[in-house]
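Small disclaimer: the values here were computed from a predicted structure and weren't measured. Nothing fancy with the numbering, it's 1 onward along the sequence. Just so you know, these numbers use all the heavy atoms, side chains as well, and skip hydrogens, waters and symmetry mates.
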Amino acid sequence: MIQDLWYKNAIIYSLDLETFMDANGDGTGDFEGLTRRLDYLENLGVDAIWLAPFQPSPNRDNGYDISDYYGVDPRHGSSGDFVEFIHLAKKRGMKVLIDLVVNHTSDKHPWFKDSRSSTDSRHRQWYIWSKKRPATADEGMVFPGVQETTWTRDAKTGEYYFHRFFDFQPDLNIANPEVRAEIQRIIGFWLELGVDGFRVDAVPFIIEQPDLENPDQKPKMKFEYLEDFRNFLQWRSGDAILLGEANVLPKETAKYFRDGRGIHLMFNFWVNQHLFHALASEDVRPLIKALEATRDLPPTAQWAQFLRNHDELDLGRLNDKQREATFARFGPDPEMQLYDRGIRRRLAPMIGNRAQLELAYSVMFSLPGTPVIRYGDEIGMGDDLDLDQREAVRTPMQWDETPNGGFSTARRTVHPVIDDGPFAFEHVNVARQRRDETSMLQWSAKMIRLRKESPEIGWGTWKIIDSGSPSVLAMQYEWREDSLVLVHNFAGEPLQVALTIDRARDKPLVDLRVQADSQPDERGRHVLALDAYGYRWFRIGRAVPDGKIKEPGKRGAKKHR
Ligand code: GLC
């Protein structure tokens with residue numbers, strides 16, 4: 001396999017300009033601020049930045065309601081600032097991914113304004129209209145409890161328009177070839193400005209095509225459009241990628257990857273939810289099943305593994321018992337829960353102790369795929385449950401101990417900075433953690449380095465090693481001559497496991513983090529001690545030349561040449 005697929009082994013860092021760094025002191029983060037922080041990201045080990053939407057927007061859904069696809073919202077700077085940022089990111093060899101939000105536009109987009117103006121307007125067919133209110137209008141809301149319907153009557157023409165998300169986010173009509181051509185134009189535009197790919201928002205909804213004659217029917221899924229978008233993307237820019245947001249069942253995923261002709265990377269929501277369940281229950285067996293269920297993927301495709309993102313932690317795919325157990329551990333209060341399925345908390349307060357937090361991160365880095373980190377999680381930032389819905393996890397980055405945590409010099413910031421309790425910016429910030437060898441930041445940087453030095457994970461094949469304990473996840477990766485063994489103890493108490501590892505019956509396991517190599521016992525097993533929530537990263541070493549253990553088939557091999 002050719003090795004030049006950069007996304008197979010990359011550290012992706014996701015951030016929202018709005019809350020990352022404000023350079024001009026108006027309270028909202030901007031491109032200039034982000035540009036000044038590129039050194040920070042580079043030193044952390046970030047390979048690719050994923051930017052949340054920054055285009056002009058009424059900003060009623062954190063920018064996921066775009067009113068102009070071809071610009072930069074003035075709150076974040078100018079197009080010139082964007083190009084400066086791209087230029088300096090490239091200088092450092094960093095890739096830039098941006099959100100592609102084309103399931104819907106803002107209702108303030110000129111296309112929708114025109115569409116709703118009359119039944120025969122130029123853009124009428126760019127959106128999805130029905131003369132009657134479909135019987136399914138009360139179904140399929142993405143934000144239950146907040147969003148009331150998926151079809152809303154528009155006063156001007158008296159017809160109903162379809163919106164999978166909020167009513168100010170009318171769905172574009174993907175069936176219309178003009179719309180698909182426009183999506184390609186958007187892709188082409190940003191590629192020309194230097195982006196390396198797109199995080200494709202809400203993929204299953206982009207490609208669903210309601211039957212306009214029969215809007216009560218189940219929509220058709222037009223997977224072939226994904227292939228059209230990829231063809232166009234790669235024709236324009238050979239190594240650009242699509243990173244898909246699709247929280248779907250494992251058996252559905254092949255349709256999105258399309259044998260390597262569709263989406264390149266997909267967020268592994270299935271494993272994500274089972275991972276949180278495993279952390280809550282200290283039982284890894286359903287997580288192992290989830291890993292097996294998502295094992296197969298085309299050779300050029302990849303999973304994106306993550307812990308948290310800018311939305312709620314969606315647990316909707318777990319069974320009721322699993323979900324309840326996970327809620328009980330990580331989001332017991334109703335104010336922590338959202339949309340009947342998720343938890344609106346940041347990782348650090350949710351998990352509540354450093355050892356298990358490290359475990360969670362270490363597991364995530366060790367899973368088959370490419371890790372995606374969320375800004376602020378590398379320093380263990382907290383959440384603000386006084387804020388509305390998902391805003392709780394979108395507070396400004398905490399840089400130092402100066403007012404507003406160094407994020408902005410403005411009197412008022414776009415979202416309040418966390419300034420009380422154990423997660424206040426005075427306690428949790430980059431500058432402070434820089435000077436503390438034991439900090440979360442230093443730990444995160446080390447783990448990122450370790451992950452980057454472990455290409456077996458992105459390229460290799462993996463198997464589960466029988467650990468004999470329901471709380472211990474032991475995995476082995478193999479790639480070329482190298483082999484990694486990664487062992488995670490999900491239990492809150494120390495454990496010992498004895499592992500029989502095919503290639504290491506007569507070889508040491510070299511500990512990659514601390515000096516604690518393991519030698520096989522006389523039965524060829526590795527007996528490993530694990531701390532409570534302990535994690536160990538090993539690479540299989542060479543046979544030890546002490547007479548007892550030899551390289552297989554190389555008896556008496558010369559020690560020196
Ligand atoms: C995706 C985004 C979410 C947004 C929604 C509508 O799910 O992650 O933040 O609200 O799409 O665009």
Side-chain angles (χ1 to χ4, degrees), residues 7 12 14 50-53 61-66 69 97-105 128 140-143 150 162-166 169-176 179-180 182-184 186-187 190-191 195-210 218-234 240-273 294 297-298 300-306 309-312 314 316-317 341-342 369-370 372:
Y7 54 89
I12 302 178
S14 81
W50 153 32
L51 295 179
D61 179 16
N62 202 42
Y64 284 90
D65 48 333
I66 292 177
Y69 287 95
L97 307 175
I98 68 170
D99 246 277
L100 182 68
V101 189
V102 292
N103 172 66
H104 48 266
T105 68
I128 301 165
M141 282 80 77
V142 174
F143 306 120
T150 48
F162 179 65
H163 51 91
R164 180 54 81 183
F165 297 88
F166 291 117
Q169 293 167 313
D171 272 43
L172 281 163
N173 179 12
I174 192 80
N176 183 341
V179 168
R180 298 202 301 277
E182 189 68 33
I183 293 175
Q184 297 196 340
I186 295 166
I187 293 174
W190 292 103
L191 285 177
V195 312
D196 301 285
F198 300 86
R199 178 264 189 190
V200 189
D201 186 53
V203 185
F205 301 130
I206 298 181
I207 56 173
E208 70 177 353
Q209 191 169 296
K218 245 184 133 190
K220 281 204 209 65
M221 299 297 282
K222 305 290 274 182
F223 290 98
E224 57 270 32
Y225 295 156
L226 297 177
E227 202 165 322
D228 295 345
F229 295 145
R230 175 168 177 158
N231 285 343
F232 178 81
L233 173 92
Q234 298 217 301
I241 58 155
L242 300 174
L243 161 59
E245 184 213 18
N247 181 354
V248 295
L249 294 171
K251 64 174 169 27
E252 296 287 308
T253 52
K255 298 179 189 161
Y256 292 81
F257 286 129
R258 291 182 77 74
D259 281 333
R261 286 172 283 113
I263 298 274
H264 299 73
L265 284 131
M266 295 243 290
F267 286 104
N268 199 332
F269 281 96
W270 187 255
V271 161
N272 172 270
Q273 307 186 28
T294 54
L297 74 182
T300 56
Q302 183 68 305
W303 287 114
Q305 303 288 3
F306 65 104
N309 60 21
H310 62 292
D311 291 325
E312 78 285 3
D314 189 338
R317 298 273 178 205
R341 60 166 182 245
T370 293
V372 183

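Scanning all heavy atoms of the two residues, the minimum distance from Leu233 to Ala240 falls at CD2-O, 3.5 Å. Heavy atoms only, all atoms of each residue included: Ala202 and Asn103 are closest at CB-CB, 4.4 Å. Closest heavy-atom contact between Phe257 and Ala301: CD2-CB, 3.5 Å. For Asn247 against Arg317, the heavy-atom pair with the smallest separation is O-NH2, 2.6 Å. A pairwise comparison of heavy atoms in Val101 and Pro53 identifies CG2-CG, 3.8 Å as the closest pair. In terms of heavy atoms, Val203 sits closest to Ala246 at CB-CB, 4.3 Å.
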(request) Starting from the C-alpha separation in whole Å, work towards a yes-or-no answer on side chain to side chain contact (heavy atoms under 4.5 Å, CB included) for Phe223 and Ile207. (result) CA-CA 6 Å; Phe223 290 98; Ile207 56 173; 3.5 Å; yes
(message) Test side chain to side chain contact (heavy atoms under 4.5 Å, CB included) on Met266 and Thr253; report intermediate values, then the result.
(response) CA-CA 8 Å; Met266 295 243 290; Thr253 52; 3.8 Å; yes
(request) Show your working on side chain to side chain contact (heavy atoms under 4.5 Å, CB included) between Tyr7 and Thr300 and close with a plain yes or no. (result) CA-CA 9 Å; Tyr7 54 89; Thr300 56; 4.0 Å; yes
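With respect to Arg199 and Asp201, a salt bridge is recorded, a charged nitrogen being found less than 4.0 Å from a carboxylate O. Under 4.0 Å is where a charged nitrogen must lie from a carboxylate oxygen, and between Arg341 and Asp314 at least one such pair does. Between Arg164 and Glu208, at least one side-chain N (NZ, or NE/NH1/NH2) sits under 4.0 Å from a carboxylate O, which counts as a salt bridge. A salt bridge links Lys255 with Glu252: the distance from a Lys NZ or Arg NE/NH1/NH2 to an Asp or Glu carboxylate oxygen falls below 4.0 Å.
A 4.5 Å side-chain heavy-atom check between Phe166 and Met141 finds every atom pair outside the cut-off. Annotation: side chain of Glu245 is in contact with side chain of Phe269 (closest heavy-atom distance under 4.5 Å). Annotation: side chain of Phe229 is not in contact with side chain of Phe198 (no heavy-atom distance under 4.5 Å). Counting heavy atoms from C-beta on, the side chains of Leu265 and Leu242 never come closer than 4.5 Å. No side-chain heavy atom of Asn268 sits less than 4.5 Å from a side-chain heavy atom of Phe306. Counting heavy atoms from C-beta outward, Leu97 and Leu51 have side chains that stay 4.5 Å or more apart. Taking 4.5 Å as the limit, some side-chain heavy atom of Ile206 sits within range of a side-chain heavy atom of Val200. Two residues are said to be in side-chain contact when any heavy atoms from C-beta on lie closer than 4.5 Å; Phe165 and Asp65 fail this criterion.
Looking only at atom types and distance, the side chain of Gln184 has no donor-acceptor partner in the side chain of Arg180 under 3.5 Å away. Tyr69 and Glu182 form no side-chain donor-acceptor contact under 3.5 Å, judged by distance and modelled atom types alone.
Rounding to the nearest 0.5 Å gives a distance of 10.5 Å between CD1 of Ile174 and NZ of Lys222. Here the straight-line distance linking atom NE2 of His163 with atom CD of Gln169 works out to 9.5 Å at 0.5 Å rounding. Expressed to the nearest 0.5 Å, how far CZ of Arg230 lies from CD1 of Ile263 amounts to 9.0 Å. From Leu243, atom CG reaches atom CG of Leu100 across 11.0 Å, with rounding to the nearest 0.5 Å. To the nearest 0.5 Å, atom OG1 of residue Thr294 and atom CG of residue Asn272 are 11.5 Å apart. Taken from CD in Glu227 to CZ in Arg261, the straight-line distance is 4.5 Å, to the nearest 0.5 Å.
Put simply, the side chain of Asn309 gets close to the backbone of Asp311: a donor and an acceptor are under 3.5 Å apart.
You'll find the ring centres of Tyr64 and His310 inside the 6.0 Å limit.
Taking the six-membered ring where the residue is Trp, Trp50 and Phe267 present tilted rings, their angle falling between 30° and 60°.
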